[in-house]
Amino acid sequence: MEPRALEATLADGVVSLRCPETGDAEQLIAGRDSEFRRFIGEGSPNPEPTAVVLNPDNQIVGWIDFDVERAWLAEDAMVATATLLIDPANEPSIGVAHRGGFEQCGDVEGQLLFKRYLRQR
């Protein structure tokens, strides 16, 4: 099953998500700092996020990828569960996961696995 495209901008008053637009890749690359490189490395020279994350000033502050190629991705995760893999040393992202209602439920290849059920199974 192919992931559905984000059809509208979603917002919670703190951040908003929207579909990628022309020029976003350049902003994502330009925004790579030492924290990015610490956890991600150099990153892709051609990022293709599923959605971009904007702060209240409409500046790109992150992105979301949808990865269906992982062995740990359950068949129903695409419609019922959101999952995050976070480096154990990435305390800011772990904090975001907790504040977002995600629960740690193990680890995968040295990364912490978090899940949040979006609907009843």
Side-chain heavy-atom pair I29, P45 within 4.5 angstrom cut-off: no

For E26, check salt bridge (charged side-chain N to carboxylate O under 4.0 Å, His left out) against everything at least two apart and list the hits. none

Separation between CD1 (I94) and CG (D87), nearest 0.5 Å, reads 7.5 Å

Can you sort out the partners of F114 under ring-ring contact (aromatic ring centres under 6.0 Å, His included), two or more places apart, ordered by chain and number? H98

I'd like to check Q59 versus L54 (side-chain heavy atoms, cut-off strictly below 4.5 Å). Are they in contact? no

Verify same cluster id: V61, V96 (apolar side-chain graph, 4.5 Å): no

Does D24 reach the side chain of R18, with side-chain heavy atoms less than 4.5 Å apart? yes

Taking it one step at a time, do L17 and V52 satisfy side-chain contact (heavy atoms from CB on, under 4.5 Å)? CA-CA 6 Å; L17 308 177; V52 293; over 6 Å; no

Is any side-chain heavy atom of L28 closer than 4.5 Å to one of I60? yes

Tell me if the CD atom of Q27 is crowded by more than 12 foreign heavy atoms within 6.0 Å. yes

Locate the shortest heavy-atom distance separating I86 from Q111; write the atom from each residue and the value. C-OE1, 3.4 Å

Partners of F36 by ring-ring contact (aromatic ring centres under 6.0 Å, His included), sequence neighbours excluded? W63

Can you tell me how far OG of S34 sits from CZ of F39, rounded to the nearest 0.5 angstrom? 9.5 Å

Between E103 and R116, is a salt bridge (Lys or Arg N to Asp or Glu O under 4.0 Å) present by the stated rule, with each step listed? CA-CA 6 Å; E103 294 181 22; R116 178 176 176 188; over 6 Å; no

Contacts of R32 that satisfy salt bridge (charged side-chain N to carboxylate O under 4.0 Å, His left out) - sequence neighbours left out: none

First locate atom OG of S16, then atom CG of N55, and finally report the distance between them rounded to the nearest 0.5 Å. 8.0 Å

So, using salt bridge (charged side-chain N to carboxylate O under 4.0 Å, His left out) as the criterion, who are the partners of E91 when residues are at least two apart? none

Kindly state each residue pair satisfying salt bridge (Lys or Arg N to Asp or Glu O under 4.0 Å) with at least one member in residues 47-57, sequence neighbours excluded. none

Atom pair CZ/CG of F102 and L113 - distance to nearest 0.5 Å: 10.5 Å

Nearest heavy-atom approach of P49 to P20 is O-CG, 3.0 Å

